[in-house]
Amino acid sequence: MAENFQIKYEGSSNVETEDIGLLVEDMKNVAKNRRRIFERRWYDNSFFDDGFHFRYLSRATNKIIDSSDKATIYTPQRSIPKSSRQIRGIANLLLSADPTPTVYPNVVKKEDFPSQGQENPAYDEALKRAKTIAQQKGQWLIDEWTRDDGSGETILDKLAFMVILTLKYGISYLKIWPDPSEEKIRTSVRDAFDIYVLGNLTSIYDAPFIIDSVPMSIAAIKANPLFDETQLAKITPDNKKASSEIKEAYLQARYGKDSSSDQAATLILNEAFVKEYLDDENTERIRAQEDGEIILKNKKKGSPIIRQMFTAGGVWLYDHYTNLSEYPYVDYRVEPGPLYNVPMIERFIPANKSLDSVVSRVERYTHTMVTGAWLKRKGESFQINNVAGGQMIEYEATPPTQAQVAPLPAFVYNFIGLLTNFIEEQGVSTTTLGKIPTGVKAHSAIESLKESEYANLVIPSRRLKSSIKKIAQKCLEIADESFIEPHEVTYKDKGEVKSFKVIGKSAYDQRKKLKVETPDVVPLSKDERVDIEIEQGMAYTKEGQKATMQQVMNTMIQLLGAQAIPPEALQLVAEKYLRVYQFGSTEEFMDVLDEAFDQGMPSMNEQQMLMIKTALLEALKDAGEVGEEASNNRIMENKVGLLEALKESGLAKKTFGESEVKESVSISYKDAPEDVKRQMESGAGYQPSQGISPVEIDQQIKISQALNSQNNQKGVNEHG
């Protein structure tokens, strides 16, 4: 059948509209035969992820077998959902870093803006304008991804669904198409069952065809204005849940069979995109279309072109040549290679099944040992009854004796732990289960663990970034050709609501050509260069974020003091700082800072700087960070740490035994100068303190108080 299809397909440009129904069915059958073995695995993976670990599709009988149906309370078969939890942990980690689109600004050539002097204000203004427009285009993409497109979900929500489907089936798809009536971009997720493509290829864009088969209500099909009214009269409902027989069996097992009414009648709608190459026959067919000249523009004989077909039940409904450069789908896979590959969940299933079996046997053993084992003579019988007062045993001859309850061997629990490790070593145990090694408490250590897990997902993360970039490019391509009227985009920047308008580049050029008045708009072009920035963030945990932000804040303050950065940079960091600490709405606080910077913040004199230092020292002393108590604590910590280090290294006796007696002068540590104190600390084997001693703190406080008193008295005398 494949050979017949190949002959037909090579001449698909010769296929007339009346015969495309048979052409689509032939292409579906070829793809279905090639992926049949994968469909069975996808079916088993679906049930396993749903928690039915003992349900599968029998190859011998082609029926659904569920061995857990025979389970009882005494012979249980438990399903431990380790695999499901692992794939969702991987999905959470991949999507934890928010993708941010970046549109590169258009190139501004300096030679286009000649200038006689060193300064070139025209060039600077053009460069600034190009950057602003690029930022607005990126903001439009963010608005598209975070806004509901009418399906009840955003593109970011659908990305999460795509990742989970990919981890179950190895591949998933996002369909992107324009809504011409409302000038909007529509998206929909498709799983591996819904899309028919040749799975041995490495890219869907290299495929000769791609067919999207999903059920749709008869009413919706007949309401589509694109479909031929004469052909619509020939369709009849089939009420199938899916085009794939195996997926339909799965859906019927999960949700039951339908007795659909006329109002809910459905039919499998096939939307096929077939790649053809321009020749004499299809060129004439394209010229007959209303947009034929636009499609043939800049194309020559042999150029690829995509033909869009709609069929249902073998009946053709729509046949049209498009101006698409690629198929309107974006796929996501965790690994490069063929489209159909080994799904991530299949790497967990073998160990998970062994874990299910062992845990079920342990529970069965537990039920047996709780009720006990009884010994009786052959031929004799006895009966055990449970009454309110206890257990009553009736026997005829010899009283039965209860056998000794054997404990469960320790190797069983070790084997359960081994199976758990097999599953977790391929997943993300810290992110998924919150499992942290014993003794690891500091946020820096936890950050290192999560960073190592993320490093194990570099390939899936890069491929996700590539898929998101492809989605952004297709959104720009649709906007270029479909956005005829200006669309307003509203966003919030530093508490201020801003807006701008966008329009398709094709419509923008046409308006300028016709000299139609066009407001200040941002043209969206399919030729934009787009990149996706995956921000890992400062840390994975909240405490890690706070600690990192505190270090950044301290560094920025030092740079500001050295006049290495402007005050506006510190203002931006302060806003991020408050957000990390969940300060709440920062608009009012930032407005005050803006007003202060606009008015020009006065510089501090030496007295004000001294007062701030004094207040800071007093606050640190009250908090126990400096002062006599803090100093004593650090001294004790150093002593204990030194003794423990000497003890562990075995040098304690040697060090103290070989110490030489030197001539010394008796002097009190408290009365010694600061430099002598450092020498005394070094001579005693301690690490010299780098902080301020309590005495020096008290001296600075007294000096600052005296200066303040002197300045206050001076101010009184001057006013008097």
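Not measured: the values here are computed from a predicted model. We're numbering straight along the sequence, starting at 1.
A distance of 14.5 Å separates OG of Ser79 from NZ of Lys82, quoted to the nearest 0.5 Å. Rounded to the nearest 0.5 Å, atoms CD (Glu290) and CD1 (Ile295) are 10.5 Å apart. Annotation: the span from Tyr205 atom OH to Ile306 atom CD1 amounts to 10.0 Å, rounded to 0.5 Å. Note that CD of Gln231 and CD of Glu18 are 8.0 Å apart. Values are rounded to the nearest 0.5 Å. The CG atom of Asn200 sits 5.0 Å away from atom CZ of Arg34, with the distance rounded to the nearest 0.5 Å. Rounding to the nearest 0.5 Å places CG of Asp228 at 8.5 Å from NZ of Lys234.
Ala134 meets the side-chain contact (heavy atoms from CB on, under 4.5 Å) test with Pro105; sequence neighbours excluded. Scored by the side-chain contact (heavy atoms from CB on, under 4.5 Å) test, Arg462 finds Val458 as partners (sequence neighbours excluded). A search for side chain to side chain donor-acceptor pair (under 3.5 Å) contacts involving Tyr250 returns Asp50, not counting sequence neighbours. Under the side chain to side chain donor-acceptor pair (under 3.5 Å) criterion, Glu485 pairs with Arg511, not counting sequence neighbours.
By the 6.0 Å contact criterion, CD1 on Ile459 is open, its count of non-hydrogen atoms from other residues, nucleotides or ligands being 12 or less. Remark: Ile294 CD1 is loosely packed, at most 12 non-hydrogen atoms of other residues, nucleotides or ligands lying under 6.0 Å away. Sparse packing is recorded around NZ of Lys512, with 12 or fewer heavy atoms of other residues, nucleotides or ligands lying under 6.0 Å away. With a 6.0 Å radius and a threshold of 12 heavy atoms from other residues, nucleotides or ligands, Arg186 has its CZ atom above the threshold. Residue-environment remark: CD (Glu281) exceeds the threshold of 12 foreign heavy atoms within 6.0 Å. Counting heavy-atom neighbours within 6.0 Å of Ile37 CD1, excluding the residue itself, gives a total of 12 or less. Atom CD of Glu229 has 12 or fewer heavy atoms from other residues, nucleotides or ligands within 6.0 Å.
Put simply, the side chain of Asp143 never gets that close to the backbone of Val489: no donor and acceptor are under 3.5 Å apart.
Taking the charged nitrogens against the carboxylate oxygens, Asp319 and Arg285 have no contact shorter than 4.0 Å, which rules out a salt bridge. A salt bridge does not link Lys32 with Glu39: none of the charged nitrogens is closer than 4.0 Å to a carboxylate oxygen.
In this structure, the ring of Phe348 has its center no less than 6.0 angstrom from the ring center of Phe48.
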| field | salt bridge (Lys or Arg N to Asp or Glu O under 4.0 Å) between Arg40 and Asp44, worked out | value | CA-CA 6 Å; Arg40 291 181 177 273; Asp44 294 338; over 6 Å; no

inquiry  = The test is side chain to side chain contact (heavy atoms under 4.5 Å, CB included); show your working for Asp49 and Ile345 and say whether it passes.
reply    = CA-CA 8 Å; Asp49 184 57; Ile345 194 173; 4.0 Å; yes

message: With side chain to side chain contact (heavy atoms under 4.5 Å, CB included) as the criterion, how do Asn106 and Ile133 come out once you've worked through the C-alpha distance, each side chain's angles and the decisive distance to 0.1 Å?
response: CA-CA 9 Å; Asn106 295 329; Ile133 291 177; 5.7 Å; no

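Tyr196 and Ser244 form no side-chain donor-acceptor contact under 3.5 Å, judged by distance and modelled atom types alone. Side chains of Thr283 and Asp280: a donor-acceptor N/O pair is absent below 3.5 angstrom, by distance only. Between Thr154 and Thr146, the side chains place no donor N or O within less than 3.5 Å of an acceptor N or O (distance only, hydrogens not considered). There is no side-chain donor-acceptor pair under 3.5 Å between Gln510 and Lys513.
Two residues are said to be in side-chain contact when any heavy atoms from C-beta on lie closer than 4.5 Å; Lys241 and Lys247 fail this criterion.
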Please tabulate, for the side chains in residues 213-222, all donor-acceptor contacts under 3.5 angstrom to protein atoms that are two or more places apart in sequence or on a different chain.
| residue | atom | partner | partner atom | Å |
| --- | --- | --- | --- | --- |
| Ser213 | OG | Lys28 | NZ | 3.4 |
| Ser213 | OG | Asn270 | OD1 | 2.6 |
| Ser217 | OG | Ala220 | N | 3.2 |

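Annotation: ring-ring contact (aromatic ring centres under 6.0 Å, His included) contacts involving residues 142-168, sequence neighbours excluded, are absent.
Considering all non-hydrogen atoms of both residues, Lys474 and Tyr329 come closest at CE-O, 3.5 Å. Of all the heavy atoms in Pro460 and Tyr332, the pair that sits closest is O-OH, 3.1 Å.
Taking the six-membered ring for Trp and thresholds of 30 and 60 degrees, Phe483 and His487 have nearly parallel ring planes, at less than 30 degrees apart.
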